[in-house]
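Worksheet: one structure, shown below.
Both counts, for ligands and for their atoms, begin at 1 and track the order of listing.
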Amino acid sequence: MAETTTAAEAIGERREPDKSAQASEGAKAEADAGGAPKPGQRAEVSNLDIVKHYFEAACDRLELPEDVRVVFWTPYREVTVQIPVRLSDGRVHVYAGYRIQHNGARGPYKGGIRFHPEVDIDEVRALASLMTWKTAIAGVPYGGAKGGVNCPAGDLEASEVQKITRSFMDKIEKVLGPTRDIPAPDVNTNAQVMAWMMDEYGKLHGHTPAVVTGKPISLEGSFGREAATGRGCVYMFREAAPNLGLSPADTTFVVQGYGNVGSWAARIMQQLGSTMVAVSDSSGAIRKDDGIDANALYDHVAAGGVLTEFEGVEVIGADDLVAVPCDVFIPAALGGMIHEGNADRMECRVIVEGANSPTTPAADRILRDKDIYIIPDVMANAGGVVVSYFEWVQNLQHFRWDEREVNDKLGTIMRRAYREVSGRAREEGIDLREAAYVVGIERVVEAARTRGYI
Ligand code: NAD
């Protein structure tokens, strides 16, 4: 159980750091001392630095004037709220909650809610901005937003998470709504958390399923939503594979982070005949060259088992995961995990970025020099928001599509996004990441101009 939060902690300083937080702090200290982070640690640069770097590079290419850039870099609205919650230890804990609406030129704001002790306003800003470009690249009619609470959700009881969720919703409901801003799940939040959010919003506004997406099937969620981000990553890989001389049936892959995105990507890759040779989560990393059964591992973890205690595998250092030879590496944990200190150890052909901002700019350069093909987060992990869009459309119509229809429509959108971005990359002789940002920013700027916003 967590200890009482101080005010300083509540406004963004870390409390009860988990492994990744310690790694991050260690990396920061290392960076402050002038060195690169050690392998396996998170990078010294923040998610905001990472997104800003890629944003500026694309703006340079688009020759966007400085005054216009400011409009598209800074968020439209930032809400910070205090969330005091009495937990089962009998004490009041105060968490900080954020909802940041980055840009709404193309439609209502859309973006996930993250519960993690490392959440702070800059991280939420970075993730909100990524959503703006992601929805534009996928061509779904949304703006970009993100939310978060700096609570140690992984260590809390379900009843405590429910209290935090309801209290957070009570404080941000005024800026939400099906035509204003529609949250969804992200790290440490899931369909259950979305159900509580919908229920709390409904107490004030009447039953409004379209106010959040990623809900359970029993509460007007969409078939296919839970798997959508992982499935979208696999669709992107399949689109890229022929040009890289890869066939999914002969492909080996490694997954970093075995939560929603990682475990679904792994299970769907396995359905195509690919072999998972190593995988990690916050408990550590495991390896087996002739294959780890993605379904059995999912069942093991879902039943409360520890990933590193899965039978018949070799436990390896978390730092060594990146160095396991494979065709496809799928980061699906937190940001900044592929950095200057470990990028040169990577032994893969392709990286499909399931996580947001997993690769720092310095690592990106190293990987390009190693000729590793990167399908970047802003396009690779758009599957979640695409099926969230389908869920919202179904909710607004009070109508339900079957799973096949959802998956087919998702495939169409993901393939189109891949072709549009890779076509632009070829035309301009740039990599996919830069091309994706160029396409996304261009569409948002055009929408803002057409509205007369700038
Ligand atoms: P999740 O909470 O379901 O899973 C996160 C996983 O990462 C867990 O298995 C956790 O143990 C693992 N992890 C945490 N720290 C780690 C570390 N230091 N090393 C290795 N593993 C670690 O979260 P999720 O929804 O799967 O999100 C994962 C990533 O995908 C995030 O970056 C998120 O922003 C991004 N994303 C999620 C969605 C979505 O629909 N859920 C959509 C787009 C992007």
Side-chain angles (χ1 to χ4, degrees), residues 17-24 26-27 40-43 47 50-51 110-119 123-124 126-128 130-131 134-135 138 144 146-148 152-154 161 183-194 213-214 222 224-233 254-266 278-286 297-298 301-302 306-308 316-322 330-338 342 352-359 376-389 391 410:
D18 64 7
K19 282 187 177 171
S20 59
Q22 285 162 358
S24 174
Q41 294 178 329
R42 290 178 66 188
N47 281 5
I50 295 173
V51 179
K110 187 88 190 81
I113 303 268
R114 176 176 291 200
F115 286 177
H116 194 279
E118 280 187 81
V119 161
E123 181 181 67
V124 183
L127 293 164
L130 262 184
M131 285 304 295
K134 195 178 297 182
T135 52
K146 202 80 181 187
V161 176
D186 191 72
V187 173
N188 284 330
T189 58
N190 55 19
Q192 174 61 79
V193 173
M194 295 305 113
T213 57
S222 175
R225 172 59 184 89
E226 200 194 302
T229 307
R231 188 179 300 282
C233 289
V254 169
V255 178
Q256 181 181 56
Y258 211 63
N260 173 287
V261 178
S263 71
W264 275 109
V279 54
S280 71
D281 73 0
S282 53
S283 73
I286 54 177
L297 179 63
Y298 173 77
V301 173
V306 178
L307 178 131
T308 48
I316 58 172
D319 298 351
D320 297 325
L321 185 86
V322 294
I330 306 175
L334 302 172
M337 295 193 66
I338 302 175
N342 64 11
V352 184
E353 293 184 342
N356 283 313
S357 300
T359 310
D377 51 3
V378 273
M379 56 195 284
N381 68 30
V385 73
V386 170
V387 178
S388 274
Y389 164 57
E391 183 174 330
L410 170 65

Taking only heavy atoms of [X], which atoms of ligand 1 are found under 4.0 Å from at least one of them?
X	result
Met337	17 (C), 18 (N), 19 (N)
Asn188	2 (O)
Ser280	20 (C)
Val187	2 (O), 23 (O), 27 (O), 31 (C), 33 (C)
Tyr258	9 (O)

Using a plain distance cutoff, I'd like to know if [X] has any nitrogen or oxygen under 3.5 Å from a nitrogen or oxygen of ligand 1.
X	result
Asn381	no
Arg114	yes
Val261	yes
Gly259	yes

Among residues at least two apart in sequence or on other chains, which ones pass side chain to side chain donor-acceptor pair (under 3.5 Å) with Ser280?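 None.
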
Option among Asn47, Asn381, Asp377 that satisfies the side-chain hydrogen bond (donor to acceptor under 3.5 Å, both in side chains) test with Asn356: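 Testing each of Asn47, Asn381, Asp377 against Asn356, the sole residue satisfying side-chain hydrogen bond (donor to acceptor under 3.5 Å, both in side chains) is Asn381.
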
Holding to salt bridge (Lys or Arg N to Asp or Glu O under 4.0 Å), I want the full list of residues that pass it with Lys146, two or more places apart in sequence or in another chain.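 Testing Lys146 for salt bridge (Lys or Arg N to Asp or Glu O under 4.0 Å), a comparison that skips the adjacent residues, returns Asp186.
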
Has His116 got any heavy atom lying under 4.0 angstrom from an atom of ligand 1?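 Heavy atoms of His116 never come under 4.0 Å of ligand 1.
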
Test item: [X] and [Y] side chains (from C-beta on) under 4.5 Å apart, heavy atoms:
X	Y	answer
Ile338	Pro331	yes
Val301	Ser263	no
Pro185	Glu226	no
Trp264	Tyr298	no
Glu123	Arg114	yes
Leu334	Val187	yes
Val193	Val161	yes

With a 4.0 Å heavy-atom cut-off (strictly under), which part of Glu123 contacts ligand 1: side chain, backbone, both or neither?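 Answer for Glu123: neither.
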
What part of Ala332 sits under 4.0 Å from ligand 1 if we count only heavy atoms: the side chain, the backbone, both or neither?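 Contact part for Ala332 vs ligand 1: backbone (N, CA, C, O).
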
Residue selection (non-hydrogen contact nearest [atom]) among [options]:
atom	options	answer
atom 11 (O) of ligand 1	Gly257, Pro185, Ser282	Ser282
atom 38 (C) of ligand 1	Asp377, Thr229, Val301	Thr229
atom 29 (C) of ligand 1	Gly354, Ala333, Pro358	Ala333

